[in-house]
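Working notes, structure below.
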Amino acid sequence: MQEKKAYNPQAIESKIYEICQERGYFEVDRSKQKNFCIMMPPPNVTGVLHIGHALTFSLQDIITRYKRMDGYATLYQPGMDHAGIATQNIVEKQLLAQGISKESIGREAFIDKVWQWKEESGGKILNQMRKLGISPAWSRLRFTMDDGLKNAVKKAFVQWYEQGLIIQDSYMINWCTHDGALSDIEVEYKQNDGFLYHIKYPIKDSTQSLIVATTRPETFFGDTAVMVNPDDERYKHLVGKSIVLPLLNREIPIIADSHVDMSFGTGCVKVTPAHDMNDYEVGKRHNLPSLVIFDEKGILNDLAGEFAGLERLQAREHIVAKLQSEGFIHAIEPYQNQVGVCYRCGNVIEPYISKQWFVKKEVATKAIERINNGEAKFFPAQWLNNYNAWMRDLRPWCISRQLWWGHRIPVWYCVCGEKVASEIDNPTCPKCHATITTQDNDVLDTWFSSALWAFSTLGWGNTNATHQQNDTTHTLYHDEDLQRFYPNSLLITGFDILFFWVARMLLAGESLLGKLPFKDIYLHALVRDENGEKMSKSKGNVIDPLEIIAIYGADSVRFTLASLCAQGRDIKLSHAQLELSKNFANKIYNAAQFLLMYATQLRPQNPYFTDENLTFSTPLGRYMHSRLAFATKQLRHALDNYRFNDATSILHHFLWNEFCDWGIELAKAQKEAIFELGIVFKEGLKLLHPFMPFITEDLWHALSGTSLETSQSIMIATFPTDTTQDDYIEQEFTLIKDCITSLRRIKATLELGNTPIQQAFVRINTSIDVALLTLFVNKLAKVENLTILDSHAANPAECISDVGEVAQTFIALRGIDISAIITRLQFQETKLQKEITKLNAMLENPNFVKNAPQQVLEQNRTALQNAKDKLQKVQNELHTLQRK
């Protein structure tokens with residue numbers, strides 16, 4: 001056997017991945033009877049791998065590999081999203097850099113440019129995913145703009161349209177003057193340091209004015225009323241009268257509405273129905289006109305008088321200056337408020353009345369009922385409350401976008417005035433029977449196609465279809481895919497897209513197919529830095545997954561992310577935790593080298609572990625096999641309930657604490673068990689494989705004397721199923737380990753290190769194979785003579801003792817000089833007592849406690865507790881030694 005060098009993940013990961021993908025291990029094995037399906041949240045075609053992706057994909061792949069090994073036909077569906085706004089912005093900027101506008105080349109040529117960019121530059125993230133070791137069915141890679149999904153989008157739109165669930169109407173919506181219409185959840189709110197402008201509105205036929213406060217003075221051109229609370233005694237007498245708008249001399253009424261907060265500002269508010277969400281509702285209640293004062297690009301129109309032609313935000317300063325010069329500004333004061341901005345470009349959002357396409361909120365009614373009837377489960381369960389809270393206040397979903405890149409709305413307009421929603425292009429008019437050639441100019445919201453992802457990728461809305469990839473024809477889906485894999489088994493994604501994506505998939509699946517699209521929904525938290533801060537470039541705390549993969553290896557990154565993923569808790573990632581996972585990988589690697597070294601000594605011609613069906617005949621082999629069974633039982637339960645952090649703890653405890661720290665250590669006394677331990681370890685590698693696919697693959701073949709190039713992969717091996725424990729052998733080794741640990745504690749107190757002890761005693765209360773106990777204790781505790789005491793026997797004389805969990809041990813002090821040890825401990829005792837006195841004095845000083853920073857106080861309190869703990873330990877050791 002050739003000795004291997006230190007474990008180097010970079011040397012093996014890409015090679016292993018390529019072989020497994022080429023062999024089709026990631027694809028659906030249709031010979032299996034049980035089915036498992038999970039959908040990759042399709043990342044934007046413009047995106048790159050970030051730490052949130054790394055977490056989502058790692059968790060998805062862990063479950064997929066587990067199910068694949070456990071005998072399921074697994075479909076891990078990959079794909080990309082066309083990212084309408086983001087992608088169009090990228091290509092537009094590229095063209096503008098060349099002095100070309102999209103309008104100058106036209107819609108068709110622009111779309112061609114976008115497809116060209118997508119083929120050349122889009123999808124970089126797919127290759128980055130491979131670095132992480134995820135194993136989706138790459139041959140089924142889908143894109144939300146591919147032909148199959150286009151058909152599904154048209155089918156969904158037409159079906160909802162014909163059911164009256166999609167309508168076109170003029171509503172107040174969120175409007176970005178750069179990107180157009182946005183749904184409510186596409187608006188982000190940011191803290192804004194602005195001003196509150198107090199404007200005088202002259203009362204008609206009076207020398208008095210009403211003072212109205214606003215953060216958006218440029219919108220006063222669209223005011224159609226001033227509003228007060230009907231219970232406000234200050235203004236009751238003015239209700240029904242009029243004011244004259246500054247600069248415009250246009251009269252508008254003073255109205256009363258309970259919507260007004262009397263305590264805010266002066267208690268008078270302007271009403272601008274065309275440019276404020278709340279005012280829009282007020283306007284409908286009071287039949288006020290809605291005056292639109294700027295166009296889709298935010299350019300003020302003729303209603304703004306001399307300011308027509310200016311952009312709304314740029315005009316603000318000029319308008320305020322004019323109002324001041326005319327004496328209409330009462331006061332201007334600094335003011336902080338939340339301002340809605342476009343989630344894509346950061347542009348300030350305007351409430352705007354626009355004719356758009358909407359999905360009515362009634363589309364979600366049955367999905368809400370079914371979720372609350374338990375037909376799908378959230379993990380953690382509290383996300384059901386968040387889902388319900390949002391769905392209770394659901395508004396019509398604005399699905400039309402003023403873009404060229406995306407799924408064009410499948411509505412056609414005939415010259416005769418007829419409007420037709422159609423799954424086919426250029427449909428025949430049902431009224432005049434002419435061929436219709438004019439299609440709606442808008443495209444659908446990107447999330448519309450994403451909402452269909454759970455079933456559109458399975459062929460819904462299509463017949464069998466194929467596509468070309470790398471000069472090879474692949475089947476996109478089969479006739480039975482929808483029946484076999486819908487509903488999907490599980491969805492894993494971040495909680496931050498619960499409403500963007502998850503809720504919309506739930507309503508789409510239920511409404512269009514009559515079934516919720518998932519059985520289980522696991523929502524993980526966001527990855528933050530080690531201090532719990534959100535990662536951002538401005539803070540300089542962003543962790544790049546590709547960089548940490550290069551440093552620590554993909555296995556360590558995956559294991560770390562899973563270990564931090566406790567349900568309902570934030571994920572705080574640090575390099576220290578990554579280092580711990582790397583150490584774990586090294587521990588596993590070194591364990592394999594130790595097994596091979598011992599096996600080579602015992603069987604030089606064939607030192608490999610290939611007899612998977614051997615009988616465990618040695619006591620140590622039986623014991624470690626029993627511990628494997630317990631770990632298997634625990635791990636299966638953790639994975640079946642998506643408790644990823646518990647799963648990593650189980651694996652770490654079994655492989656590091658039980659197998660490496662004890663199993664390998666005990667093998668030094670029973671070398672003939674090494675081949676049984678090797679088989680146990682290989683089964684342990686199967687348990688670990690979903691989390692650490694590369695090191696487990698490498699070590700699996702090293703221990704088997706094979707190579708991946710010529711043998712099957714561990715990833716298609718059978719996941720361990722034996723959960724039967726051997727209670728008797730576990731009881732025996734619990735006692736053996738306790739005796740060894742107890743004797744080692746005494747030796748540590750006596751500072752004997754690895755020095756052999758002449759005489760030791762063990763008192764036990766249960767029956768055990770004395771020869772077995774003596775074998776392991778003598779070897780591992782370095783005892784020359786071990787005496788087993790009866791439970792009723794007196795304590796041996798001139799001994800120091802220790803009480804373990806199930807045994808009491810003694811070491812004879814004859815020939816051991818303990819005076820130097822006592823002197824050292826007494827010195828430590830004196831030093832610690834002085835330290836405790838000093839810290840107590842500081843913390844009992846009121847002036848110190850009052851003036852010291854909180855951090856300093858906490859440091860001192862921690863130091864005091866640590867000193868007390870150390871003193872207690874030293875005094876316990878002195879008490880033990882001074883009794884002898």
Side-chain angles (χ1 to χ4, degrees), residues 1 3-4 583-584 586-604 606-609 611 614 616-628 631 653-685 699 702-703 726 729-748 750 752-760 762 764 768-788 802 804 806-807 809 811:
M1 182 196 72
E3 185 177 353
K4 297 185 70 174
N583 292 341
F584 178 54
N586 285 331
K587 187 79 170 181
I588 300 303
Y589 176 82
N590 290 333
Q593 307 315 304
F594 179 90
L595 291 168
L596 287 168
M597 179 186 73
Y598 261 40
T600 301
Q601 293 172 3
L602 294 172
R603 201 167 65 192
N606 182 19
Y608 301 110
F609 307 92
D611 188 1
L614 61 74
F616 290 88
S617 57
T618 67
L620 179 54
R622 287 167 52 209
Y623 171 63
M624 291 312 303
H625 185 251
S626 182
R627 297 315 298 158
L628 169 70
H653 180 74
F654 171 67
L655 289 167
W656 187 310
N657 301 96
E658 295 194 311
F659 190 90
C660 295
D661 284 354
W662 276 113
I664 287 178
E665 185 78 358
L666 293 166
K668 295 174 182 177
Q670 197 172 59
K671 290 187 177 182
E672 62 272 23
I674 205 70
F675 288 99
E676 294 173 16
L677 262 59
I679 296 301
V680 168
F681 188 68
K682 286 179 66 178
E683 290 296 292
L685 291 178
L699 296 182
L703 292 166
D726 185 331
I729 200 68
E730 289 209 21
Q731 182 180 342
E732 284 202 317
F733 272 90
T734 297
L735 181 55
I736 290 169
K737 289 174 7 182
D738 194 47
C739 290
I740 294 168
T741 301
S742 179
L743 288 168
R744 285 175 171 175
R745 273 199 300 268
I746 300 175
K747 291 178 72 176
L750 298 175
L752 293 177
N754 286 323
T755 304
I757 342 173
Q758 291 183 358
Q759 180 66 56
V762 171
I764 55 177
I768 190 173
D769 184 331
V770 173
L772 188 67
L773 175 66
T774 303
L775 170 69
F776 286 108
V777 170
N778 285 5
K779 178 68 175 178
L780 299 182
K782 292 191 180 297
V783 174
E784 294 182 357
N785 297 288
L786 181 68
T787 301
I788 310 299
D802 179 86
V806 292
T809 61
I811 289 180

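- Atom OH of residue Tyr623 and atom CD of residue Gln670 lie 13.0 Å apart, to the nearest 0.5 angstrom.
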Side-chain donor-acceptor pairs under 3.5 Å in residues 772-785, sequence neighbours left out?
residue	atom	partner	partner atom	Å
Thr774	OG1	Val770	O	2.8
Asn785	ND2	Gln758	O	3.1

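- By the side chain to side chain donor-acceptor pair (under 3.5 Å) test, Thr618 is found to be paired with Glu676, residues two or more places apart in sequence or in another chain being considered.
- Among residues two or more places apart in sequence or in another chain, the ring pair (Phe, Tyr, Trp, His ring centres under 6.0 Å) test is passed with Phe584 by Phe559, His652.
- Between Ile764 and Val806 the shortest side-chain heavy-atom distance does not fall below 4.5 Å.
- For the atom pair Phe659 CZ and Glu683 CD, the distance stands at 11.5 Å (nearest 0.5 Å).
- Residues meeting the salt bridge (Lys or Arg N to Asp or Glu O under 4.0 Å) test with Glu732, sequence neighbours left out: none.
- The shortest side-chain heavy-atom distance between Phe681 and Leu628 does not fall under the 4.5 Å cut-off.
- Lys682 meets the side chain to side chain donor-acceptor pair (under 3.5 Å) test with Glu612, Ser704; sequence neighbours excluded.
- Met597 is listed as a side-chain neighbour of Gln601, based on a closest heavy-atom distance under 4.5 Å.
- For Thr734, the side-chain contact (heavy atoms from CB on, under 4.5 Å) test picks out no residue, with sequence neighbours left out.
- Note: Asp726 CG to Glu730 CD = 7.0 Å, rounded to the nearest 0.5 Å.
- Distance check: Ile664 CD1 to Met624 CE gives 9.0 Å after rounding to the nearest 0.5 Å.
- You'll find the side chain of Tyr598 reaches within 4.5 Å of the side chain of Lys668, heavy atoms only.
- Ring geometry, Phe675 versus Phe609: the interplanar angle falls from 30° to 60°, so the pair is classed tilted.
- With sequence neighbours excluded, no residue satisfies salt bridge (Lys or Arg N to Asp or Glu O under 4.0 Å) with Arg603.
- No side-chain heavy atom of Ile788 sits less than 4.5 Å from a side-chain heavy atom of Ile768.
- Contacts of Glu672 classified as side chain to side chain donor-acceptor pair (under 3.5 Å), with partners at least two apart in sequence or in another chain: none.
- Looking at residues two or more places apart in sequence or on another chain, you find a salt bridge (Lys or Arg N to Asp or Glu O under 4.0 Å) between Asp661 and Lys587.
- The shortest side-chain heavy-atom distance between Asp802 and Leu743 does not fall under the 4.5 Å cut-off.
- For Lys671, there are no side chain to side chain donor-acceptor pair (under 3.5 Å) partners at least two apart in sequence or on another chain.
- Between Trp662 and Thr741 there is a side-chain heavy-atom pair separated by less than 4.5 Å.
- Asp738 meets the salt bridge (Lys or Arg N to Asp or Glu O under 4.0 Å) test with no other residue; sequence neighbours excluded.
- For the pair Ile757 and Ile746, the minimum side-chain heavy-atom distance is 4.5 Å or more.
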